[in-house]
Structures are given as C-alpha cells and as structure tokens.
Protein chains: 2
Amino acid sequence: MSKAGQTRGRGRPRKFDERAVRQTIMETFWQKGYAATSLDDLSKATGLVRPSLYAAFGNKEAMFLRAMDDFVIRVQGDLAQQIPRDATPEEALRAVYMAMLAIYRDEPLEQARGCLVFSTAVAAAPLHPEIRSRLMQRVTQTDAQFRRLLNHLAPDTAEDTRQAAAELAAATLHSLGLRVRAGTDPADLSRFAQRAARSISLLLQR
Amino acid sequence: MSKAGQTRGRGRPRKFDERAVRQTIMETFWQKGYAATSLDDLSKATGLVRPSLYAAFGNKEAMFLRAMDDFVIRVQGDLAQQIPRDATPEEALRAVYMAMLAIYRDEPLEQARGCLVFSTAVAAAPLHPEIRSRLMQRVTQTDAQFRRLLNHLAPDTAEDTRQAAAELAAATLHSLGLRVRAGTDPADLSRFAQRAARSISLLLQR
DNA sequence: CTTTTATTGTGCGATTCGGTATAAAATAAA
DNA sequence: TTTATTTTATACCGAATCGCACAATAAAAG
C-alpha cells in the first residue's frame, strides 16, 4: 500500500504524485465510464505503467471504487463551500444545483460529463455488486442530506412534506446529471434547476 | 436488410424470428449496458452466429440504437395501455410510475434492470454521438409527454406551473430508473413514486 | 436442371483485454 | 559495501475483442 505522510519510505521512491494520479483516474472513468475505460487508457492518462497502477491501487474495480470516493469528496467539498448556511429553501436548493451544474459540466472545460456516480456507476451496477452497493449508498446519503437541509431551513413544515420535498430535490439532482450528459444546452439546464428549486420550495410552504 | 411482410424472399430462408431476436438483443443490452456487452454475448443470447447478426442488424452501435428504439416502443405500448384517459393528475402520475416500475423491475422476473435509456445509454453517451443524440431525443420527448399529459388533466393551472410540474415529473422518472438499478427495495420504490405523484399534483393546485 | 440470391457456419486476423512474472533500478538501513 | 525494500520497466500470458472473408447451404427464379 501507500505511505501517507512525507516520510521517505524505504525502497525506490515513487516518481508520481498519488493525488494527481487519483485525480486523473477519476477524470478518465468520469468521462468514459467503467466498462469502456481500459487499463491502457488509465496507463496512458496517468503516465504510469500498468504494474505500477496495480501496485498502487489494485485492480480495475478497486480503482473505480476509489474514483467514486474521490468524486464524492470533490462534490462534498464544493457544496460545503458554496451552500449558504442560512438562506431560504429556494436559495439553498438553487445554490446546490448551480454548484453541481458547474461540476457536471466540468467548468471551465465545458465537457458535459454529468455525474460519475449517477450517470456512470449506474450502468456498471448489475455486473458489479460492489459498485452497485456504493451507488446505493450514495443515493441514500443524498436523500438524507437533502432531508437534513430542509429540516434545518424549513423546520415548521410537516415531516412527510419535507420527506417528499427532499426526494424531489434528489430526483432533480439525478435528472440534472442525466440532462448534462445528454448534452442539454447550459441555459436550459439553469432554467430547469431554478424552476425545480422554486417548485420544491413552494411545496414546503403548505 | 430484411423483408417486412410474409413474402418468402429469394435466397435461403432465415431460421430465426427477427422480432424475438431484437427482443433478446434489447434485453442483453438492457442488463449489461453498451460497453460491457460483447458481440459474443449477443451471439450466445440470440443463438445467431456473429455474421448473421451483422448481416441482419449492422454493427454493435446500430444494434444498440435499435435496442433503444425497441425499448421505447415497449414502454410507450405499456403506458398507452395503462394510463387512464380521464383521471386526476395524481392518479395519472401514479399510473405512469407504477407501469414504469413494473418495466424497470422487469416483473415478474424481478431483475432490477432500471431504464435502458436513462441508466445505460447515458454512460455510453460521451463516446458515441449517435447514442447521445438518441438519449437527448428521449429526454426531450419525455418532457413533452408529461407536459401534454398535464395540459390535458390540469388545463386551468398556470402555464409555467405546469411546465415546472412536468419537469419534476420527468425528473422523478429519471430518479426511479436510477433507484431501481441501485437495488432499492420495491416497497420503498412504490412509496417514493406515490409521494412524488402526490407532491407534483399538489403543485398543480396553486 | 441451372442460375441467382440470401443466409449460415467455420475460421481467421489483428488487436486489445485485464493481469502478472521477472528483472532492473533506486533508495534506505545495517 | 552489503543487504533489504520498494518501485519501475519489459515482456509475456491466455482469453476476449470487433469485424470480416470464404465456402457451404437452402431456397426461389429462369
């Protein structure tokens, strides 16, 4: 495995930056998906020969699972930065969707990659139980995060209404990733996200 | 290509039923996705040797595009049968989601396949422009169908409210396919669908 | 029967697949 | 310097990949 700290270790030193390589692996899977990404693709993209990839990260499935984790960390980081702590539900949802849109569109590169988890892992799920299980985790966690957000921003709304609103908020996110990957025009995407944020916030006001 | 009618044609007769083979091709892609399905997989599943597949349906991408079309025809057929012509918006949406759930779960086989288009083509989209374009078509058409449905069942609701509701209805469908493929429990899926139908119909009542 | 047309079956062909064995290279520890 | 440890580089494995020649086969048309 890998040494965490900056201690030099014992044998021949690595000539690659593990974090940069993980980033590249993530981006390769993100664009091509699991099945269509070969180890040669990863090798070429990272500059590492295949045995080095194996030694550092395990087999292809392990690399993909790690890429999913790295993707989630990236998403959570961006969201934590960009969601206002105190705002109306509509403002908060809009902030979430705009931040996710920036990621899904891979700005400023404008690559229209969608979501590594919802648009890519989903296709690999039936043949790869571990990927399916990780995907399930993400769906559940996303639901829970929206529920917590609405619990905080709309505490007076009835419990079941908040539950329904949180699920619609998650569904909107799933749809957003899909629409980006389908190639929807950026202006249309923004309007879609804003209308959804508005509608869901209206639901909470009953 | 193929002769449509029952005219016997001229050369050696085919020993396969084209519709049954197309059905099998569709189901294979549906489960495994585009990239992970090999021509050998299709050959074994259909019983046709590879040259016969090529002669009848073209290359792998052409087969997948055809499978997308066949899938859509299947979905539209089921929906046309099972959506009540006159119903409340909530009833209609529930009927749509329950019918789609039956397809996504591949009942009565209980395979949890999700949506061939939204859960499978989406992963292949960036590397295959034709698939991406077909996917985009489907997203657009689905939006339009929900809009028409709500135009018919809630004609007195404001135009922009209907638009927003239709988009949320489509997003719910996208999410439903994803959740099925992630392995969500059937009872949870039903509740999710029913809550969404109820929430969206409430939106229309403003 | 002979010719024409369409499909099937065998097999190849060049490439790519995921994964690994093995040796060379580069460093730290003894 | 010697030894231990780790990474890199080369080469290879058998299997699978998509796609296609080519001949055998089966029917209709002449």
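The nearest pair of heavy atoms linking B:Leu127 to A:Gln31 is CD1-O, 4.2 Å. Scanning all heavy atoms of the two residues, the minimum distance from A:Ala45 to A:Thr24 falls at O-CG2, 3.5 Å.
Between A:Ser52 and D:dT7 there is no side-chain polar atom (N or O) within less than 4.0 angstrom of OP1 or OP2. OP1 or OP2 of C:dG9 has at least one side-chain nitrogen or oxygen of B:Lys15 nearer than 4.0 Å.
The closest donor-acceptor contact from the side chain of A:Gln194 to the backbone of A:Arg191 lies at 3.5 Å or more, if one exists at all. Under a 3.5 Å cut-off, the side chain of B:Lys32 and the backbone N or O of B:Glu27 do not form any donor-acceptor pair.
Taking atom CG on A:Leu42 and atom C1' on C:dC17, their separation rounds to 13 Å, with Å as the unit. As a whole-Å value, the separation of A:Arg12 CZ from C:dA26 P is 6 Å. Rounded to a whole Å, the CZ atom of A:Phe64 is 14 Å from the P atom of C:dG18. For A:Leu48 and D:dT7, the CG to C1' distance is 11 Å, given to the nearest whole Å. Rounded to whole angstrom, the span from the CG atom of A:Leu53 across to the C1' atom of C:dG19 amounts to 12 Å.
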Taking only nitrogen or oxygen atoms into account, show me every contact under 3.5 Å that the protein makes with nucleotides 2-4 of chain C, one pair per line with its distance.
residue: C:dT4; atom: O3'; partner: B:Arg10; partner atom: NH2; Å: 3.4

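The aromatic rings of A:Trp30 and A:Phe71 lie perpendicular to each other, with more than 60° between the two planes, well past the 30° mark.
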Do nucleotides 13-19 of chain D as a string where each nucleotide becomes B, S or -: B if the base has a protein heavy atom under 4.0 Å, S if just the sugar-phosphate does, - if no protein is that close. ----SBB
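Inspection of the B:Gln141 and B:Arg138 side chains reveals an N or O donor paired with an N or O acceptor under 3.5 Å.
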For the pair A:Leu202 and B:Leu203, evaluate side chain to side chain contact (heavy atoms under 4.5 Å, CB included) and give the outcome as yes or no after the intermediate values. CA-CA 8 Å; A:Leu202 285 178; B:Leu203 266 181; 4.3 Å; yes
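Under the ring-ring contact (aromatic ring centres under 6.0 Å, His included) criterion, B:Tyr104 pairs with no residue at all, not counting sequence neighbours.
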